[in-house]
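These notes concern the structure reproduced below.
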Number of protein chains: 2
Amino acid sequence: MYNQKEALKDYYSTNDYGEENLGYPFVFGVSVDCIVLGYQSGKLKVLLVERGVSPYRGYWALPGDLLKKDEDLKNAAERVLYQLTGLREIYFKQFKTFGAIDRHPMGRVLTVGFFSLVKSENIYPLPAAWAKDTKWWDINELPELAFDHAFIIRKGLKRLRKKAKYESIGFELLPEKFTLLELQSTYEAIFGVEYDKPNFRKKILSMKILEDLNELQSNVNHRPAKLYRFDRDKYNTLKNMGFQFEF
Amino acid sequence: MYNQKEALKDYYSTNDYGEENLGYPFVFGVSVDCIVLGYQSGKLKVLLVERGVSPYRGYWALPGDLLKKDEDLKNAAERVLYQLTGLREIYFKQFKTFGAIDRHPMGRVLTVGFFSLVKSENIYPLPAAWAKDTKWWDINELPELAFDHAFIIRKGLKRLRKKAKYESIGFELLPEKFTLLELQSTYEAIFGVEYDKPNFRKKILSMKILEDLNELQSNVNHRPAKLYRFDRDKYNTLKNMGFQFEF
DNA sequence: TGACTTATAGTATTTTTTACTTTAACAATT
DNA sequence: AATTGTTAAAGTAAAAAATACTATAAGTCA
């Protein structure tokens with residue numbers, strides 16, 4: 001039967017570069033942690049879980065779990081997201097691995113950070129299966145967090161903002177049908193700035209990546225706005241022709 | 001004395017989310033691998049090492065090593081780069097972690113990928129201490145590579161190109177003093193495209209991030225070009241004022 | 001000196017961005 | 001049915017940036 005310990009031992013004793021080594025392989029725990037972001041009433045929010053066990057019992061933390069033997073990193077993140085939201089096919093990306101020596105009080109555990117964008121109205125988080133509680137938090141008003149999760153969130157948001165500037169990922173936060181003003185507000189929440197309304201419209205429409213649904217908002221007490229849909233196929237076609245999305 | 005195995009065992013038995021778990025912590029080997037890029041005679045090159053031991057004896061591979069007990073990821077990459085080049089203070093960035101189940105034939109080993117940009121004329125790689133041989137390879141003409149290193153390089157280059165478009169990292173590949181045509185050629189090598197000479201000059205000079213050294217090339221058999229230096233302080237000042245580098 | 005190569009400056013046209021104004025559509029109220 | 005308030009959506013004009021191209025200047029080499 002295959003024995004990983006022995007295999008790693010062999011590997012180490014014939015170390016790549018003939019260097020002095022640790023004799024016996026030093027091994028690491030590995031986890032994944034997910035920054036789940038949603039857009040709600042004009043604000044960017046992150047979904048956190050309250051820990052029910054020590055260490056950091058009672059603290060809020062990123063949803064995550066230890067990597068399993070038969071999983072690759074992507075599978076592990078998918079599993080965590082599914083257990084949290086009940087949804088598959090969520091947008092998520094690995095963004096950075098955190099390996100500070102003392103980041104986990106009980107041993108050497110590396111964590112691979114993912115960020116994920118969801119349409120938050122589709123989500124009914126499942127607290128029971130996970131932890132004491134689950135809650136959306138405004139990204140500008142976070143509680144004290146477990147481990148190095150505050151640091152991880154800062155890094156993840158920074159990366160998200162860079163990515164959102166040059167890729168059409170803002171649409172992941174919106175429902176299928178949306179108005180141009182909703183789209184504008186989403187981008188304002190992501191970047192923390194304000195845009196001129198007519199120019200925002202002009203810019204996004206000139207990209208030709210939205211489909212006009214010829215439908216109007218309902219149940220609003222003002223002139224209803226047109227509804228649009230993000231046309232992913234058109235976007236991909238244009239991208240292959242050299243088009244560069246940019247905000 | 002602190003016992004990591006026991007600590008991890010405890011940690012696992014009181015798993016965050018009360019899920020069924022593996023009983024005993026499954027542990028992973030962790031390594032770092034570095035894509036070292038340089039610019040030579042109009043081409044983008046990557047520095048590879050030839051493996052002297054199995055697995056993959058005789059194959060070319062990325063320079064890398066197993067993470068040590070008392071190192072964080074950044075330290076490990078720094079160490080690998082120092083052992084390879086003899087230089088400290090090289091530009092490098094973590095870009096992605098690779099954790100496919102079967103990526104290492106002898107066990108479960110995750111690797112954290114870094115890419116690094118160097119001024120290749122400063123470097124005299126040290127083959128003896130490392131492996132059978134060390135060599136610069138044209139990124140478009142790579143040999144067969146060990147492990148999943150071909151995949152890692154593809155991903156790393158993709159990330160580099162994105163980053164180079166919006167950050168001034170191209171200068172890391174050039175010597176302290178360079179001509180505008182050398183700068184242009186470097187960017188042409190990174191992106192695999194050609195630029196119009198007068199417009200390239202205009203664009204880069206209008207950014208106001210170069211210092212004119214009032215010096216000329218020497219030992220060239222044509223009109224010598226002016227030498228410039230990248231003014232990192234000016235660049236940072238402008239960046240803080242909202243300036244966005246872009247190619 | 002003259003031919004040749006390359007750096008560098010300049011110009012003119014087109015395209016894009018930005019700031020701002022105007023008009024139209026609808027809901028709610030009187 | 002007219003009025004008011006709010007928002008969508010179209011339009012316009014000025015400024016800035018990108019692009020394509022031309023011309024000139026400064027050096028080397030024979």
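Just so it is clear: chains get the letters A, B, ... in the order the sequence lines come, proteins before strands, and each one is counted from 1.
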- Query: In Å, rounded to the nearest 0.5 Å, how long is the span from NZ of A:Lys177 to CG of A:Leu213?
  - Reply: 6.0 Å
- Message: I'd like to compare against my own output: the B/S/- annotation of nucleotides 24-30 of chain C with a strict under-4.0 Å heavy-atom distance to protein.
- Response: BBBSS--
- Query: Whole Å only: how far is the CZ atom of A:Phe200 from the P atom of D:dT7?
  - Reply: 17 Å
- Item | Whether over 12 other heavy atoms sit under 6.0 Å from B:Arg232 CZ | no
- Task: Please determine, for the side chain of B:Leu181, which listed nucleotide (D:dC21, C:dA7, C:dC20) has the closest atom?
- Result: C:dA7
- Item | Between P of C:dT18 and NZ of A:Lys203, the distance in whole Å | 6 Å
- Please report, rounded to the nearest Å, how far the C1' atom of D:dA8 is from the CG atom of A:Leu205. 12 Å
- Message: Can you measure A:Leu183 atom CG to D:dA8 atom C1' for me and round it to whole angstrom units?
- Response: 15 Å
- Please check the phosphate of D:dA8 (OP1 and OP2 only) for any side-chain N or O of A:Lys197 closer than 4.0 Å. yes
- Phosphate oxygens OP1/OP2 of D:dA10: is one of them under 4.0 Å from a side-chain N or O of A:Arg201? yes
- Query: Heavy atoms under 4.0 Å, any strand shown: does B:Lys202 hit a base, just sugar-phosphate, or nothing?
  - Reply: base
- Item | Minimum heavy-atom distance between B:Leu145 and B:Ala61, given as atom pair plus value | CD2-N, 4.3 Å
- Applied to residues 135-157 of chain A, the side chain to side chain donor-acceptor pair (under 3.5 Å) test, sequence neighbours excluded, yields A:Arg103-A:Asp148
- Message: Does a side-chain N or O of A:Lys226 approach OP1 or OP2 of D:dA9 to a distance below 4.0 Å, or not?
- Response: no
- Rounded to the nearest angstrom, tell me the gap between atom CZ in B:Phe178 and atom P in C:dA7. 15 Å
- Task: With A:Arg51 as the cation and A:Tyr59 as the aromatic partner, state whether NZ or CZ is under 6.0 Å from the six-membered ring centre and within 45° of the axis.
- Result: no
- Query: B:Phe247 vs B:Phe200 aromatic rings, parallel, tilted or perpendicular, using cut-offs 30° and 60°?
  - Reply: parallel
- Message: Could you tell me how far apart B:Asp196 (CG) and C:dA9 (P) are, to the nearest whole angstrom?
- Response: 15 Å
- Task: Quickly work out the A:Asn199 CG to D:dA8 P distance and round it to whole Å.
- Result: 15 Å
- Sequence neighbours left out, what pairs pass side chain to side chain donor-acceptor pair (under 3.5 Å) with at least one residue falling in residues 181-193 of chain A? A:Gln184-A:Glu188
- Message: Could you tell me how far apart B:Tyr195 (OH) and D:dA18 (P) are, to the nearest whole angstrom?
- Response: 13 Å
- Message: Within the 4.0 Å heavy-atom criterion, would you say A:Leu180 contacts the bases, only the backbone, or no part of the nucleic acid?
- Response: nothing
